[in-house]
Novice: 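Please see the structure below; I have some questions.
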Amino acid sequence: MKNKEKEMGVHNIQKTKLDDIDISTEYDIRATLAEGSFARILLVRHRRTSTKVVLKAIHMELTAENEFDREYHYSYHLSAHPNILSVYPVAFTTQNCFVFAQEYAPLGDLSGSVKAGGLSELYCKRIAEQLVSAVTFLHSLKLVHRDLKLENILVFAADMTLIKLCDFGATVREGTMVTKHRCIWQPFLPPEICELVSNERYECKLSSDCWQLGIILFVCLTGCPPWQSADISDSDYCNFMRWQKRKTTKVPVQFRPFTSRFLRMIKRLLERKPDKRSSATEIIKYLRDRWIDRKTSGKTSSCGGGCASSSVIELSRRESINMYLYQLDDKTHLVDESKNRLKKLLSGYGLETTIDQKAMTKRVWEWLLQCDYQTTAKFESV
Ligand SMILES: Nc1ncnc2c1ncn2[C@@H]1O[C@H](COP(=O)(O)OP(=O)(O)OP(=O)(O)O)[C@@H](O)[C@H]1O
C-alpha cells in the first residue's frame with residue numbers, strides 16, 4: 001500500500017461494534033496493574049484460551065464513545081510496529097466501561113526502572129533508538145501522540161533491549177484543534193502548551209512530541225526533569241533559555257554532565273520555537289556519540305551531588321520538585337470524584353481499588369529527590 005493510502009486508512013476512524021459482556025464470566029481477573037483517573041488496567045486470564053492479557057477499562061461516564069473509538073482505533077492500527085504495544089481485536093463494553101485487550105508488559109512502565117541518578121548511557125541510547133522508531137512511525141502517518149512520558153513507555157526487557165510505546169488516548173491527527181491534555185506532568189509540557197490559558201484551543205503539531213522526547217531522554221539519563229515548568233517563571237528553564245539564546249556561555253548546572261554533542265542534540269529538541277525544533281529522527285545522528293562527559297560528570301551531577309558552587313541552584317531545583325509534590329497533593333481532589341465513580345463501578349465486579357496512581361507518582365518523586373545526594377559513579381561504567 002502506498003504511503004498516502006496508508007495515511008488515509010489510519011485516519012478513517014470507524015465506529016467499533018461493541019458487545020456487552022460480563023467480564024468475570026469470560027476472564028479471570030488476576031491483578032490491578034494501575035489505576036488512572038479515567039481507566040483501570042487489569043491483568044486477566046482469558047478463561048477459554050487460558051491466555052494472559054491486559055484489559056484497559058475506561059469509564060463510560062468519563063469518556064465519550066467516539067473518544068474510545070479513536071483511542072482503540074489508533075492503538076490497534078499502530079500496534080503493528082515492534083515498539084508499539086500490541087492491541088488485540090477484542091473490544092467490548094461491560095456494565096459501565098469501554099474495554100479493549102492488549103499484550104502484557106511484564107516489567108511495567110519506564111518510571112519504575114529509572115532510579116535516582118538515572119539509567120546508564122547504554123540503556124538510554126537503546127530507549128532512544130526504539131522510541132525514535134515508534135514516534136517516527138506515528139509522525140509519518142501525521143499523528144501526534146501528545147502524551148509522551150515515562151509512564152507511557154512499557155518495558156519488556158530489563159536491559160532495555162525492548163520497550164514499547166502505549167496509551168494513544170490523546171493521539172490526534174496533526175493540525176487538529178485541541179485543548180491542553182489532562183496531563184499532570186507539567187515538566188514534560190513544551191513552552192507553547194505551558195503558556196496556554198485553561199481551555200484555550202491550539203493546533204496540534206508533531207514538534208510537541210519532539211520536545212517530550214528530549215525531556216524523556218534527560219530524565220532517563222539523570223533521574224529527574226530539567227525544570228518544573230517550561231515557562232519564564234521557572235528559574236531553571238530561564239537559565240537554559242538564556243544559554244540556548246547565547247545570552248550566557250555558562251552551561252546550566254543540570255546540563256553540565258553532558259558532552260557537547262549531546263548538548264547540541266538536546267538544545268535542538270528543546271528549541272523554544274516549535275517550527276525550529278528538530279525532528280525525532282535527528283536523534284539517530286547522535287547515537288554513536290558519547291553523551292555523558294566523563295570529565296564533568298564526576299564533578300557535577302545534573303541532580304546535584306558533589307559540586308559545591310552549584311549548591312544554590314541545586315537547592316532551587318529541589319524546591320521546584322518539592323513544589324511539584326505539593327501540587328500533586330493539592331490536585332488530588334480534582335480526580336476524587338471521577339475516581340469514586342470508577343470505584344463504584346469496579347466494586348460492581350467485586351473489585352477493590354488498591355493502587356492509588358497519584359500516591360504512587362508522589363512516592364516516585366519523593367524518591368527522585370534523593371538523587372540530590374547521589375554521586376554519579378554509574379557514569380564511569382558506560
Ligand atoms: N499492557 C500493559 N502491561 C503492563 N502494564 C500496563 C499496560 N498498560 C498499561 N499499564 C500500566 O498502566 C498505566 C496506565 O496505563 P495507560 O496510560 O494506558 O492508562 P491511562 O488511564 O490512559 O493513563 P493516564 O493516567 O496517563 O491517562 C501505565 O503507566 C502502566 O504502568
Side-chain angles (χ1 to χ4, degrees), residues 9-80 84-106 108-109 143 145-147 151-152 154 164-173 181-182 334-357:
V10 84
H11 295 302
N12 185 12
I13 299 173
Q14 304 283 339
K15 202 177 147 16
T16 317
K17 190 185 167 308
L18 299 168
D19 292 328
D20 196 43
I21 74 153
D22 174 7
I23 219 169
S24 52
T25 57
E26 301 244 351
Y27 297 93
D28 168 22
I29 297 167
R30 293 281 171 88
T32 299
L33 298 174
E35 187 189 338
S37 324
F38 293 76
R40 200 172 212 214
I41 310 295
L42 301 169
L43 176 63
V44 301
R45 186 183 61 87
H46 186 232
R47 291 186 194 280
R48 199 159 35 83
T49 56
S50 224
T51 325
K52 206 192 245 183
V53 290
V54 164
L55 297 178
K56 181 166 180 174
I58 305 167
H59 200 297
M60 278 175 184
E61 277 184 43
L62 308 168
T63 305
E65 190 165 355
N66 64 339
E67 287 170 335
F68 171 79
D69 286 340
R70 193 189 60 215
E71 174 168 355
Y72 177 60
H73 171 90
Y74 285 141
S75 306
Y76 181 66
H77 279 84
L78 295 169
S79 70
I84 292 182
L85 186 72
S86 294
V87 163
Y88 305 123
V90 176
F92 55 88
T93 57
T94 60
Q95 211 178 354
N96 287 311
C97 273
F98 298 113
V99 185
F100 68 89
Q102 35 179 264
E103 74 180 309
Y104 172 48
D109 69 70
L143 288 171
H145 185 283
R146 292 177 70 216
D147 197 14
E151 290 79 354
N152 288 339
L154 298 176
K164 296 192 183 190
L165 185 60
C166 73
D167 192 2
F168 296 89
T171 301
V172 290
R173 192 176 185 167
H181 179 52
R182 48 176 172 88
L334 295 177
V335 292
D336 271 358
E337 201 192 326
S338 56
K339 212 171 227 181
N340 282 340
R341 275 185 275 174
L342 190 60
K343 271 185 180 164
K344 215 168 109 190
L345 163 86
L346 291 160
S347 67
Y349 302 115
L351 295 167
E352 285 310 314
T353 301
T354 48
I355 296 177
D356 183 332
Q357 194 73 36

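Values below: all heavy atoms of this structure, side chains included; hydrogens, waters and symmetry mates excluded. Each residue takes its place number in the sequence, starting with 1. This structure is a prediction, so every number in the text was calculated from the model and none was measured.
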Novice: Any idea which heavy atoms bring S79 and S86 closest together, and the distance?
Specialist: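 Shortest heavy-atom contact: CB-CA, 3.6 Å.
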Novice: How far apart are the C-alpha atoms of V44 and V53, what are their side-chain angles, what is the distance that settles it, and do they pass the side-chain contact (heavy atoms from CB on, under 4.5 Å) test?
Specialist: CA-CA 6 Å; V44 301; V53 290; 3.5 Å; yes
Novice: H11 and Y74: side-chain contact (heavy atoms from CB on, under 4.5 Å), yes or no, with the steps?
Specialist: CA-CA 8 Å; H11 295 302; Y74 285 141; 3.6 Å; yes
Novice: Determine whether L18 and E65 satisfy the following criterion, side-chain contact (heavy atoms from CB on, under 4.5 Å), listing intermediate values before the conclusion.
Specialist: CA-CA 10 Å; L18 299 168; E65 190 165 355; 4.0 Å; yes
Novice: Side chains of S50 and R45: donor-acceptor distance under 3.5 Å anywhere?
Specialist: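 The criterion, which ignores hydrogens and geometry beyond distance, is satisfied for R45 and S50.
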Novice: Is the backbone N or O of H59 less than 3.5 Å from a side-chain atom of R40, with the two atoms forming a donor-acceptor pair by type?
Specialist: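 No; judged by distance alone, with no hydrogens or angles, the pair does not exist.
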Novice: Applying side-chain contact (heavy atoms from CB on, under 4.5 Å) to K164 and I84, what does each step give before you reach the verdict?
Specialist: CA-CA 5 Å; K164 296 192 183 190; I84 292 182; 5.8 Å; no
Novice: Looking at H77 and H73, would you say the former's side chain and the latter's main chain have a donor-acceptor pair under 3.5 Å?
Specialist: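 A pair under 3.5 Å: yes.
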Novice: Hey, could you give me the CG/OG1 distance between D20 and T94, rounded to the nearest 0.5 Å?
Specialist: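 The OG1 atom of T94 is 7.0 Å from CG of D20, to the nearest 0.5 Å.
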Novice: Roughly how far apart are F38 CZ and C97 SG, rounded to 0.5 Å?
Specialist: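 Spacing of CZ (F38) from SG (C97) equals 13.0 Å.
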Novice: Mark yes when over 12 heavy atoms from residues, nucleotides or ligands other than Y76 sit less than 6.0 Å from its OH; otherwise mark no.
Specialist: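 Incorrect, the count does not exceed 12.
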Novice: Assert yes or no for the condition that the ring centre distance of F168 to H145 is strictly below 6.0 Å.
Specialist: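 Yes, the ring of F168 comes within the 6.0 Å limit of the ring of H145, centre to centre.
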Novice: Please report the shortest heavy-atom distance between A91 and T16, naming the atom on each side.
Specialist: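 Shortest heavy-atom separation between A91 and T16 comes out as CB-CG2, 4.3 Å.
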Novice: Can you tell me how far the CG atom of L85 sits from the OG atom of S75, to the nearest 0.5 Å?
Specialist: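 Separation between the atoms: 8.0 Å.
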Novice: Taking the side chain as everything from C-beta on, heavy atoms only, tell me whether L143 gets closer than 4.5 Å to L78.
Specialist: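 A side-chain contact exists here, since the closest heavy-atom pair is under 4.5 Å.
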Novice: Would you mind reporting whether E26 and H46 have side-chain heavy atoms less than 4.5 Å apart?
Specialist: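 When only atoms from C-beta onward are counted, E26 and H46 do touch, with a gap below 4.5 Å.
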Novice: Any chance you could measure R47, atom CZ, to T49, atom OG1, to the nearest 0.5 Å?
Specialist: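 Those atoms lie 11.5 Å apart.
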Novice: Taking all non-hydrogen atoms of both residues, which atom of D167 and which atom of E71 are closest, and how far apart?
Specialist: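 The answer is OD1-OE2, 3.9 Å.
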Novice: Is R146 close to T171 at the side-chain level, that is, under 4.5 Å between some pair of heavy atoms?
Specialist: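 T171 does not reach R146 side chain to side chain.
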Novice: Can you name the nearest heavy-atom pair linking I21 to Y27, along with the distance?
Specialist: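 Closest approach of I21 to Y27, heavy atoms only: CD1-CE1, 4.1 Å.
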Novice: Just how far is it from atom OG1 of T93 to atom CG of D19, taken to the nearest 0.5 Å?
Specialist: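 Atom-to-atom, T93:OG1 and D19:CG are 7.5 Å apart.
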Novice: Suppose we screen for ring-ring contact (aromatic ring centres under 6.0 Å, His included). Which residues come up paired with F98, at least two apart in sequence or across chains?
Specialist: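 Once residues adjacent in sequence are excluded, the partners of F98 under the ring-ring contact (aromatic ring centres under 6.0 Å, His included) criterion are F68.
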Novice: Identify the heavy atoms of I23 and L55 that sit nearest to each other, and give their distance.
Specialist: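 Between these two residues, the closest heavy atoms are CD1-CD1, 3.9 Å.
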Novice: Can you name the closest pair of heavy atoms from D22 and T25 and give their distance?
Specialist: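 Nearest pair, atom of D22 first, then T25: O-OG1, 2.8 Å.
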